[in-house]
Amino acid sequence: MTFQDIFKSSFLEHIDSIPMLDMVIALALAFLMGLFLFFVYKRSYSGVMYSPSFGVTLVALCLITTLLIMTVISNVVLSLGMVGALSIVRFRTAIKEPMDIAFLFWAIAVGIVLAAGFLPLAVLGSLFIGGVLLLFSRRKAVDFPYILVVHCQDAQTEEEVRAVVETQVRRMVLKSKSVDSQCVELNYEVRLREGESGFVNELAGMEGVSHVTLVSYNGDYMG
């Protein structure tokens, strides 16, 4: 038997081990589920800088995982070699948003479940998870936090700024305070009243205030 005959027999054996219709259905559903993950990620994102490339990564991850698991299921010997090859892969990209880890794990889980043949579980489970994430993202948007940075000239101006901010926001918490010979820098976490930010202009016009900045953030503070 020639090498060509061995290659053909091995190729046909691997093709026959996974029906073509099953492959098409699994990959098509993986693509659709990846788009659904993309949609949920875009709607529920609460960070400062949204990255569309991460959403595309979720779609690709669903497809790649589905393809990989179907290969592992079809051939045990090949699966052992693939595990050894993947063990040397190292990913060094930093995950800045904690929720990104959940979406990555979700995409991998969808690919595994689809390749294993549990199609209803993958679809219904993804719809349930997506609904939960969208529900919590809407509730969070109602009480979105902001960081207010104010540069004051002295302690008296600091007290005046604190009094003004207290009357204009629903909640305020002092996160940090830096003092040098020229100014006092205050960093407050504030919760606005229905998005009202006009008090920032009032603070900027106060005597003794040299700089005012209002920035939205995701609730994670590193001082």
Side-chain angles (χ1 to χ4, degrees), residues 37-59 61 90-109 128-223:
L37 266 68
F38 193 169
F39 169 77
V40 175
Y41 176 75
K42 184 177 181 180
R43 292 296 299 270
S44 62
Y45 185 77
S46 59
V48 178
M49 297 293 293
Y50 168 73
S51 175
S53 62
F54 185 80
V56 178
T57 301
L58 295 177
V59 179
L61 194 57
R90 297 292 184 270
F91 301 96
R92 301 185 181 275
T93 302
I95 303 297
K96 298 181 180 179
E97 297 292 335
M99 280 301 298
D100 290 355
I101 301 176
F103 278 95
L104 290 174
F105 186 73
W106 184 9
I108 295 173
F128 178 77
I129 295 173
V132 171
L133 292 177
L134 290 175
L135 177 63
F136 277 94
S137 66
R138 289 183 180 180
R139 292 185 60 183
K140 185 175 181 180
V142 176
D143 195 24
F144 204 82
Y146 289 82
I147 284 291
L148 176 65
V149 182
V150 184
H151 291 181
C152 305
Q153 185 177 3
D154 49 32
Q156 181 180 355
T157 308
E158 175 187 349
E159 291 297 324
E160 295 176 356
V161 168
R162 183 181 62 82
V164 171
V165 175
E166 282 183 342
T167 60
Q168 298 294 329
V169 300
R170 291 192 296 107
R171 179 187 173 192
M172 61 179 293
V173 178
L174 181 64
K175 286 294 186 178
S176 69
K177 176 180 178 179
S178 301
V179 181
D180 58 26
S181 58
Q182 297 182 352
C183 74
V184 178
E185 181 181 293
L186 303 173
N187 289 270
Y188 289 104
E189 177 187 323
V190 297
R191 309 289 173 131
L192 303 183
R193 295 177 178 175
E194 300 180 354
E196 293 293 335
S197 60
F199 70 96
V200 177
N201 299 331
E202 181 181 349
L203 291 176
M206 292 177 57
E207 184 178 355
V209 176
S210 59
H211 178 78
V212 181
T213 303
L214 183 67
V215 183
S216 65
Y217 83 120
N218 61 1
D220 299 326
Y221 181 80
M222 296 182 62

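Remember, it's a predicted structure, so these values are computed and weren't measured experimentally. Side chains included, hydrogens not; waters and symmetry mates left out as well; all remaining heavy atoms used.
- Checked for salt-bridge contact, Glu166 and Arg162 meet the test: a charged N lies under 4.0 Å from a carboxylate O.
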Would you check, one step at a time, whether the test side chain to side chain contact (heavy atoms under 4.5 Å, CB included) holds for Leu148 with Phe199? CA-CA 11 Å; Leu148 176 65; Phe199 70 96; 4.0 Å; yes

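- How far CG of Leu174 is from CD of Glu158: 7.5 Å, rounded to the nearest 0.5 Å.
- Note that CG of Leu203 and NE2 of His151 are 13.0 Å apart. Values are rounded to the nearest 0.5 Å.
- Side-chain atoms of Arg170 come within 3.5 Å of backbone atoms of Leu192 as a donor-acceptor pair (strictly under, hydrogens ignored).
- The distance from atom CD of Gln153 to atom CE of Met206, rounded to the nearest 0.5 Å, is 11.5 Å.
- Tested against Trp106, the residues Leu61, Ile129, Ile101 include a single side-chain contact (heavy atoms from CB on, under 4.5 Å) partner, Ile129.
- Between Arg43 and Leu134, the shortest heavy-atom distance links the atoms CB-CD2, 3.5 Å.
- Atom CG of Asp100 sits about 8.0 Å away from atom CG of Leu58, to the nearest 0.5 Å.
- Counting all heavy atoms, side chain and backbone alike, Val161 lies closest to Cys152 at CG2-SG, 3.9 Å.
- Note: Phe103 and Tyr41 have perpendicular aromatic rings, judged against thresholds of 30 and 60 degrees for the angle between ring planes.
- For the pair Thr157/Val150, no side-chain contact is recorded, criterion being any heavy-atom separation below 4.5 Å from C-beta on.
- Atoms CG and CD, from Asp180 and Glu185 in turn, are 8.5 Å apart once rounded to the nearest 0.5 Å.
- Between atom OG1 of residue Thr213 and atom CD1 of residue Ile147 there is a gap of 11.5 Å, rounded to the nearest 0.5 Å.
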